[in-house]
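A short write-up of the structure that comes next.
What you see is a predicted model, and the numbers here were worked out from it, not measured in a lab.
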Amino acid sequence: MDDPTQPPILPGLDSPADLRKLAVEDLPQLAGEIREYLIDTVSKTGGHLSSSLGVVELTLALHYVYDTPNDRLVWDVGHQTYPHKIITGRRDRMPSLRQRGGISGFARRDESEYDTFGAGHSSTSISAALGMAVAAARTGVNRKVVAIIGDGALSAGMAFEALNNAGDTHADILVILNDNDMSISPNVGAMSNYLARVLSGKVFTSVREGSKTVLSTMPPVWEFAKRWEEHVKGMVMPSTLFEELGFQYFGPIDGHDLPTLVQTLRNLRRQKGPRFLHVATRKGKGYEPAEGDPCVYHGVTPFDPTTGKMEKKPSGKTYTQVFGQWLCDMAARDVRLVGITPAMREGSGMVEFSQRFKERYFDVGIAEQHAVTFAGGLACDGMKPVVAIYSTFLQRAYDQLIHDVCLQNLPVLFAIDRAGIVGADGATHGGIFDLSFMRCLPNIVVMAPSDENECRQMLCTGFQLNGPAAVRYPRGSGPGVAVQEDMQALPIGKAEVRAHGKNVALLAFGTMLAPALEAGAAYGATVVNMRFVKPLDQELVIELARTHGLLVTIEENTVAGGAGAAVNECLAAAGMTTPVVNLGLPDEFPEHGDSRQILAEYGLDAAGIRRTILRYLPQAASVRADSR
């Protein structure tokens, strides 16, 4: 807080309307209070800290200048929306952030009228804002539309598609680039701020527009003037690209200088047409641990706000760590291996690989579609690409998965992290559809490990294939099985019977094996580690249907089109009538919260599986008696 002797402002601020009653001079104090509150609440809940700390001033300036919610603010990704939530009536609910029944860590239309567009994936803001701007023009509604996008998100092709379209339609839209790359710092300062204010001001705009009218009648003079303007601006700002796309470019300006932000936004709000404002911010601003390591504090677990020390994570080895170690080990053995990530080096466990095998490591930015086709091109000419990607992000490259890899039967291995329920990140990041959308594709082998060692074995299996393969594994630690250092592959399409029983057979896919074994032991059920979703071990499935009265499939994926559906199809094709119960996720988007609690609510823990067995046990016994 700038002046501790001043009374606090935040407790009396319940909406942007309250914010607009303040003097500009009060905003820096409010920014300090928001940072303190943000650090305090996120230290208890966990969440995306660095990004939100970096946009406090920008958020205040936007809500101060624009008439929200009538004017539309479209936030990209959602990592940067915590200050927005605090000043739009959700301050008191911040302690419930990302908790079961609490507010989301991302923008959600059903949570607040100020959340104009839901966002968990990146690079959607400009497209959505353009749609809103065109809708306003078509319906005659007087409103302004602003898209706020980060420099990382701007690397995605979708953002440039939207920029290209927006410039061509001459829509009334402002795109703000929140640039927190430290390399921009030399361009930020008094001169840049001054030029941004001047270039966005009414006088300069009037002169420029008037000059166009006058000088356009004298083409040589107009061309000279235009080149001179671009030359002067080009000395201090990278304007050419955006102006070629049809935008007026302003900036870069200091994203923590509130008077400059407010004045520049006021100037830009009065203008029309496509405008682009370049704002330089610092991730983690105002909190020393986050400023020192914004990557670590991007997504945090609960931590001590005084020291920044985070709570210890579970001691078990995570599936991500298993993948990272396997990647390095296999790269040391096979020079053809290349690793690809769409901007998720740390999250996908590729830090060590990127350091040890720099020439074979490719971070393509937030460009999932490019990542997959790039891998396909590498595979065409003798390389063995491994694409490390979150399940929810692979959805964005589905056409490329089909057209550029599976159709051509190229040897690309997909290491799919964050499969199944992801917990606090909620619906936008849930990896609950991959078994369904991959199972229908020809040529691909789809595997789901039940433990850490099996994950390594499956990665070896997929890498050795001469075609597409996918290994999908969840977030977090496994059951604690020791990982062997060998490179043992598994026989393709073969399941493993882990417990022999009668009447009921539990067919567990992936990490559902552990609760299945626990539940099955209580009723003497047969328990199978299915391992392969595609190709399915059809021979074993049919044999189990012949010898048991009930099959129960268990998967951490949507039931619709999932692994259980593959079992149903297998039995139907064989003319088998043994009853099958499919346990999995229903036809809805799971809310955020603790993963174990969510799985329990959907009956995917040991207790839930036992309830299912108990419910159908009489039927299973009856079927077995009839079969005799």
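- Between E111 and K85, at least one side-chain N (NZ, or NE/NH1/NH2) sits under 4.0 Å from a carboxylate O, which counts as a salt bridge.
- With contacts defined as side-chain heavy-atom distances shorter than 4.5 Å, the pair R475/Y390 does not qualify.
- Looking at R531 and E496, a side-chain N of the basic residue comes within less than 4.0 Å of a carboxylate O on the acidic one, giving a salt bridge.
- Taking both residues in full, the closest heavy atoms of I340 and A371 are given as CG2-CB, 4.0 Å, listed atom of the first, atom of the second, then distance.
- Proximity of L536 to F509: side-chain heavy atoms (C-beta onward) are separated by under 4.5 Å at one or more points.
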Exercise for the section: List the steps and the verdict of side-chain contact (heavy atoms from CB on, under 4.5 Å) for L97 and T41. Expected result: CA-CA 8 Å; L97 183 73; T41 55; over 6 Å; no
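- Qualifying ring pair (Phe, Tyr, Trp, His ring centres under 6.0 Å) partners for F362, counting only residues two or more places apart in sequence or in other chains: F374.
- No side-chain donor-acceptor contact under 3.5 Å links E555 to the backbone of A508.
- Rounding to the nearest 0.5 angstrom, the gap separating the CE atom in M487 from the CG atom in D329 is 4.5 Å.
- Judged as a salt bridge (Lys or Arg N to Asp or Glu O under 4.0 Å), and not counting sequence neighbours, the contacts of D434 are R472.
- Residues E601 and R596 are not paired through a salt bridge, judged by the lack of any N-O separation under 4.0 Å between the basic side chain and the carboxylate.
- The pair D40-K44 meets the salt-bridge criterion, since a charged nitrogen lies less than 4.0 angstrom from a carboxylate oxygen.
- Side-chain contact check for S104 versus H592: some heavy-atom pair is nearer than 4.5 Å.
- When side chains are defined from C-beta on, L459 counts as touching F323, because their heavy atoms get closer than 4.5 Å.
- Taking the centre and axis of the six-membered ring of F463, the NZ or CZ atom of K384 falls inside the cone set by 45° and 6.0 Å.
- Side chains of Y602 and E556: no donor on one and acceptor on the other come within 3.5 Å.
- A distance of 8.5 Å separates CE in M576 from CD in E543, rounded to the nearest 0.5 Å.
- Taking NZ of K309 as the reference point, atom OG of S43 lies at 15.0 Å (rounded to 0.5 Å).
- Considering every non-hydrogen atom in both A495 and V528, the closest pair reads CB-CG1, 3.8 Å.
- Atom NE2 in H403 sits 13.5 Å away from atom CG in L441 (nearest 0.5 Å).
- The side-chain hydrogen bond (donor to acceptor under 3.5 Å, both in side chains) contacts involving residues 515-527 comprise T526-H548, where partners must be two or more places apart or lie in separate chains.
- Of the residues listed (Y297, W75, F106), the one engaging H48 in a ring-ring contact (aromatic ring centres under 6.0 Å, His included) is F106, and it is the only one.
- Residues L551 and P579 form no side-chain contact, since every pair of their non-hydrogen atoms from C-beta on lies 4.5 Å or further apart.
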Exercise for the section: Walk me through it: do V471 and I416 pass the test side-chain contact (heavy atoms from CB on, under 4.5 Å)? Expected result: CA-CA 6 Å; V471 180; I416 304 174; over 6 Å; no
Give every donor-acceptor pair under 3.5 Å between a side-chain atom in residues 115-123 and any protein atom, sequence neighbours left out.
unit_1: D115; atom_1: OD1; unit_2: H84; atom_2: NE2; d: 2.8
unit_1: D115; atom_1: OD1; unit_2: R90; atom_2: NH1; d: 3.4
unit_1: D115; atom_1: OD1; unit_2: R90; atom_2: NH2; d: 2.8
unit_1: D115; atom_1: OD2; unit_2: R90; atom_2: NH1; d: 2.8
unit_1: D115; atom_1: OD2; unit_2: R108; atom_2: N; d: 3.0
unit_1: T116; atom_1: OG1; unit_2: L73; atom_2: O; d: 2.8
unit_1: H121; atom_1: NE2; unit_2: T392; atom_2: OG1; d: 2.7
unit_1: H121; atom_1: NE2; unit_2: T428; atom_2: O; d: 2.9
unit_1: S123; atom_1: OG; unit_2: A153; atom_2: O; d: 2.7

Problem - Candidate pair S391 and F433, rule side-chain contact (heavy atoms from CB on, under 4.5 Å), full reasoning - result: CA-CA 8 Å; S391 173; F433 306 112; over 6 Å; no
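- Counting only distance, with no hydrogens or angles, the side chain of S51 and the backbone of H79 share no donor-acceptor pair below 3.5 Å.
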Problem - Trace of the side-chain contact (heavy atoms from CB on, under 4.5 Å) decision for C295 with D293 - result: CA-CA 5 Å; C295 186; D293 199 337; 3.9 Å; yes
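- Sorted by first and then second residue, the side-chain hydrogen bond (donor to acceptor under 3.5 Å, both in side chains) pairs with a member in residues 360-373 read T373-D404; sequence neighbours excluded.
- Residues A545 and L571 share a closest heavy-atom pair of CB-CD2, 3.6 Å.
- V581 has its side chain within reach of L550: a pair of non-hydrogen atoms, C-beta onward, lies under 4.5 Å apart.
- Donor-acceptor pairing under 3.5 Å is recorded for the side chains of T553 and N582.
- With sequence neighbours left out, the side chain to side chain donor-acceptor pair (under 3.5 Å) criterion links R336 to D334.
- What you find for G467 and N409 is that their closest heavy atoms are CA-OD1, 3.8 Å.
- Expressed to the nearest 0.5 Å, how far CE of M438 lies from CD1 of I402 amounts to 12.0 Å.
- Side-chain contact between F414 and V405: present, with at least one pair of heavy atoms (C-beta onward) separated by less than 4.5 Å.
- The OH atom of Y82 sits 6.5 Å away from atom OG1 of T45, with the distance rounded to the nearest 0.5 Å.
- Each of L507, I554, L513, L506 was evaluated against M530; a single residue qualifies, L507, per the side chain to side chain contact (heavy atoms under 4.5 Å, CB included) test.
- Contact check for P590 versus I432: side-chain heavy atoms found under the 4.5 Å cut-off.
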Practice task
Carefully, step by step, assess D417 and T320 under the rule side-chain hydrogen bond (donor to acceptor under 3.5 Å, both in side chains).
Solution key: CA-CA 7 Å; D417 205 333; T320 302; 2.6 Å; yes
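- One side chain, N529 or E454, offers a donor N or O that lies under 3.5 Å from an acceptor on the other.
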